[in-house]
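A note on names: the letters A, B, ... follow the listed sequences, proteins ahead of strands, and every chain is numbered from 1.
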Amino acid sequence: MSATYKRTLVTSALPYANGPLHIGHLAGCYLPSDIYVRYKRSKGEDVLFICGSDEHGAAIPIRAKIEGTTPKEIVDKYHKIMGDAFKEFGISFDVYSRTSKPIHHETASDFFKVMYDKGGFTEEVTEQYYDEEAKQFLSDRFIIGTCPKCGNPNAYGDQCEKCGSTLNATDLINPKSTLSGSKPVLKLTKNWFLPLDKLQPKIQAYLDQHKDWKANVTGQCKSWLDSGDGLQPRAMTRDLDWGVPVPVEGAEGKVLYVWFDAPIGYISATKELRPNDWELYWKDKETRLIHFIGKDNIVFHCIIFPAMLMEHGEFIVPDNVPANEFMNLEGNKISTSKNWAVWLHEYLIDFKDRQDDLRYMLCANAPETKDNDFTWKDFQTRTDSELVSVFGNFVNRVLVLTNKNHDGIVPEASEYTKSDLLILEELRKFPDVIADSIEKFRFREALAEVMNLARLGNKYLADTEPWKLIKTDEKRVRTIMNIATQIATNLAIVCEPFLPFTSEKLFKMLNISPLRWAHAKNTNNIHAGHKISGKIDYLFTKFEDAQIQAQIDKLEQSKKNNVTITIPESKPETSFDDFSKMDIRTGTILEAERVPKTDKLLKLKIDVGIDTRTVVSGIAEWYKPEDIIGQRVSVLVNLAPRKIKGIESQGMILMASNAAGELSFVNSTKPDFNNGSEIK
RNA sequence: GGUGAGGUAGCUCAGUUGGUUAGAGCAUCGGAUUCAUAACCCGAAGGUCAGGAGUUCAAAUCUCCUUCUCACUACCA
């Protein structure tokens, strides 16, 4: 299929510039794309590799506000950290751009304009809050007010973090702008929507043409198309001042939705790289467009972006989106906020010049078909017993024998035995086998084949025993060592996409310039009489137990530290009057049972002194019903009753919540306090 | 609860459209060997393919049910 294409455009998901990169990013997206691109380049194919930082979206100004700095400082900081980490790990982007660049603003803006002029959007006018002092519309996150449901005075416009309910900013009582503190006013605002509902048949047809996509990818697309009412219109503009301004009259103070502008970043980065012929890569039917992403991005790359490209009209659409699943770490989900991660910039310090060891592990154990687990112990085992013992050892045996018996000069092959010819035949097969796996995006399989080539070499040496024969039949040994050296040379070629640093090192030790993929089919890449480097170094070394243990300890530590990391800021001042409106009493749980068909809810019967009442509470994740009978609790008793899952809840239990989101009962510490005692 | 993806050897994972005796690496055990980083090479053992029912000459693979894990989503007063 790829034979009909003249060139390939490969993109990697634009990482969001509000935090550093970890091994999950590498394993899920950047490493596979890099392997793919390096392989294509080695084959001499026309390929571009595009990436950059995603620097827009509401999360960045919010983070800036929290850290007391500007959005620009945030994105500058992380753009550098991420770009450096990619470079250090050999992720060989042809361009690493960023969406804050003028060229991107211009490209995204034009893209929107073209779609707009064609009537590609529907307009919808809604009432949104506007801050008259700051002179801008407020996105939901910038408004706080009293939650209409639980009375929490600090609910955000999109969600009340106290009761968890999803809100509209207009639902809030006493809304306040977090920008100026002033009371926002309701103003009509217009936003532009991509009518995905109307585009559904087109998207369906597009997906139907790509039955060869990975199961996890098609599965998720299907669930969007088939669920409920199918696709829904989605707003492509936001009332925000951080991003690409909407290039339409009457759109002052609006920017493009971050998910509209981010994938266009692929286009603007290509423009930046190839100002003269970028269109060849985006508009020519003979270009194959491939997006490497993690599973969290599937919907945007398989549905929304293709829809945008189709509606714009001039562009080709993605031919494949080989999304990976997630990588877990030591049995737990990787989490930036919980600091449960192996950070790339830290790995580079702790394990200097050992990028290929990590590249190897993350590819050999990549989450290609399902979520996988990374453990440090496994990492140590696999590098020790595979990279060191199989790959490195084979190369070392060849080089040491050559130096010892042949003064470092590659000996000539004279007569091939039958088994020699079989080995050479095997050797010639490897590049195609490996290539076939890479073309199918099966990188772990491809890497396993690379290792099999090293195994072939080890076996050949074990079978022919040149160190014994050297005493009796030097001529035969010369042939054997010639073949062994050819194997090592071809290994240097085929390992390059996966282990670029190792490949370079190996070519240096062989004292030849790097060869390309097509050469790997030859069995005489290194000529008799060639002098290899006198300086022989191990390609890989084992990890010390202490090094590995230190990493495990570091993670354990961050688990503990994490609890104190994020303590929520104190809320605005309140009055005693407001507080004394709350009627909080001590109580005792008499009965507890799970609410059917929910994960978190327990139905409780509580004696609060005044009466015995039913309370529904979202604590099932932390407490088992049978364990909390007789538990003393604090209950807000004058909260308006509310029906939850058909059960009327008559109050609310007070819970302490720590940084990890765990809940704990709050109660009076003297056991003989009677139910119904006031808490004030 | 809804949707999607999964459950295969002690561990980490392959198994393409149903087709001989279900594979690999690591770990384990035995053998051989010393050029090599206690490395390599040969061999053995190890599986009721989550459980059950069905379709078929034939099921890890297709259908249904049950169960568990993960992601998104709903539920949180």
Pick base, sugar-phosphate or nothing for [X], based on heavy-atom distances below 4.0 Å to the nucleic acid.
{"X": "A:Thr375", "answer": "nothing"}
{"X": "A:Leu539", "answer": "base"}
{"X": "A:Phe394", "answer": "nothing"}
{"X": "A:Val388", "answer": "base"}
{"X": "A:Asp373", "answer": "sugar-phosphate"}
{"X": "A:Val299", "answer": "nothing"}
{"X": "A:Asn393", "answer": "base"}

Any strand is fair game: report the nucleotide pairing with [N] by Watson-Crick or G-U wobble, both distances under 3.5 Å, or none.
{"N": "B:rA9", "result": "none"}
{"N": "B:rU55", "result": "none"}
{"N": "B:rA38", "result": "none"}
{"N": "B:rG43", "result": "B:rC29"}
{"N": "B:rA71", "result": "B:rU3"}

Between [M] and [N], how far apart are the [atom1] atoms? Round to whole Å, please.
{"N": "B:rA59", "M": "B:rU8", "atom1": "C1'", "answer": "14 Å"}
{"N": "B:rG43", "M": "B:rC26", "atom1": "P", "answer": "14 Å"}
{"N": "B:rU73", "M": "B:rC65", "atom1": "C1'", "answer": "25 Å"}
{"N": "B:rA60", "M": "B:rG19", "atom1": "C1'", "answer": "13 Å"}
{"N": "B:rG18", "M": "B:rA58", "atom1": "P", "answer": "15 Å"}
{"N": "B:rG6", "M": "B:rA50", "atom1": "C1'", "answer": "11 Å"}
{"N": "B:rU16", "M": "B:rU3", "atom1": "P", "answer": "26 Å"}
{"N": "B:rC41", "M": "B:rG52", "atom1": "C1'", "answer": "46 Å"}

Nucleotide nearest [X] (side chain, heavy atoms from C-beta), chosen from [options]:
{"X": "A:Leu601", "options": "B:rC75, B:rC41, B:rC26", "value": "B:rC75"}
{"X": "A:Leu401", "options": "B:rC35, B:rC41, B:rU12", "value": "B:rC35"}
{"X": "A:Arg397", "options": "B:rC40, B:rC42, B:rG25", "value": "B:rC40"}
{"X": "A:Arg442", "options": "B:rA36, B:rG15, B:rC26", "value": "B:rG15"}
{"X": "A:Arg455", "options": "B:rC35, B:rU12, B:rC41", "value": "B:rC41"}
{"X": "A:Glu386", "options": "B:rU12, B:rC42, B:rC26", "value": "B:rC26"}
{"X": "A:Ser389", "options": "B:rA39, B:rC75, B:rU37", "value": "B:rA39"}
{"X": "A:Glu325", "options": "B:rA5, B:rC41, B:rC26", "value": "B:rA5"}

Mutual orientation of the aromatic rings belonging to A:Tyr36 and A:Phe292 [parallel < 30°, tilted 30-60°, perpendicular > 60°]: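 A:Tyr36 vs A:Phe292 ring planes: tilted.
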A:Trp213 and A:Tyr206 aromatic ring geometry - parallel, tilted or perpendicular at 30°/60° bounds: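 Ring orientation, 0 to 90° scale: perpendicular.
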Using atom [atom1] of [X] as one end and atom [atom2] of [N] as the other, report the distance to the nearest whole Å.
{"X": "A:Tyr538", "N": "B:rU37", "atom1": "OH", "atom2": "C1'", "value": "4 Å"}
{"X": "A:Lys295", "N": "B:rU3", "atom1": "NZ", "atom2": "P", "value": "18 Å"}
{"X": "A:Lys542", "N": "B:rU37", "atom1": "NZ", "atom2": "C1'", "value": "6 Å"}
{"X": "A:Glu330", "N": "B:rC11", "atom1": "CD", "atom2": "C1'", "value": "13 Å"}
{"X": "A:Ile619", "N": "B:rC75", "atom1": "CD1", "atom2": "P", "value": "18 Å"}
{"X": "A:Asn452", "N": "B:rC40", "atom1": "CG", "atom2": "P", "value": "14 Å"}
{"X": "A:Ile470", "N": "B:rU34", "atom1": "CD1", "atom2": "C1'", "value": "16 Å"}
{"X": "A:Leu456", "N": "B:rC40", "atom1": "CG", "atom2": "C1'", "value": "13 Å"}

Test side chain to side chain donor-acceptor pair (under 3.5 Å) applied to A:Lys214 and A:Asn320, step by step: CA-CA 9 Å; A:Lys214 292 172 61 173; A:Asn320 209 324; over 6 Å; no
Does [N] have OP1 or OP2 under 4.0 Å away from a side-chain N or O of [X]?
{"X": "A:Lys377", "N": "B:rA27", "answer": "no"}
{"X": "A:Asn328", "N": "B:rC70", "answer": "no"}
{"X": "A:Lys468", "N": "B:rC35", "answer": "no"}

Salt bridge present between A:Arg478 and A:Glu412 (N-O < 4.0 angstrom):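 Yes.
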Over all atoms of both residues, closest heavy-atom pair of A:Phe430 and A:Leu453: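 Scanning both residues completely, I find the closest heavy atoms to be CE2-N, 3.5 Å.
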Least distance between heavy atoms, A:Tyr460 atom then A:Ile423 atom: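 Heavy atoms only, the tightest pair is CD1-CG1, 3.5 Å.
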5' precedence on RNA chain B between A:Lys404 and A:Glu445 (nearest-nucleotide basis):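 That would be A:Glu445.
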Contact nearer the 5' end of RNA chain B, comparing A:Asp378 with A:Ser617: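 Its nearest nucleotide lies further toward 5', so the answer is A:Asp378.
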Spacing of NZ belonging to A:Lys508 relative to NZ belonging to A:Lys505, to within rounding of 0.5 Å: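 The distance works out to 10.0 Å.
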Rounded distance [0.5 Å steps], CD1 in A:Ile409 versus CD1 in A:Ile532: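 With rounding to 0.5 Å, CD1 (A:Ile409) is 9.5 Å from CD1 (A:Ile532).
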Residues A:Asp545, A:Gln380; criterion side chain to side chain donor-acceptor pair (under 3.5 Å); working and verdict: CA-CA 8 Å; A:Asp545 287 347; A:Gln380 182 185 23; 2.7 Å; yes
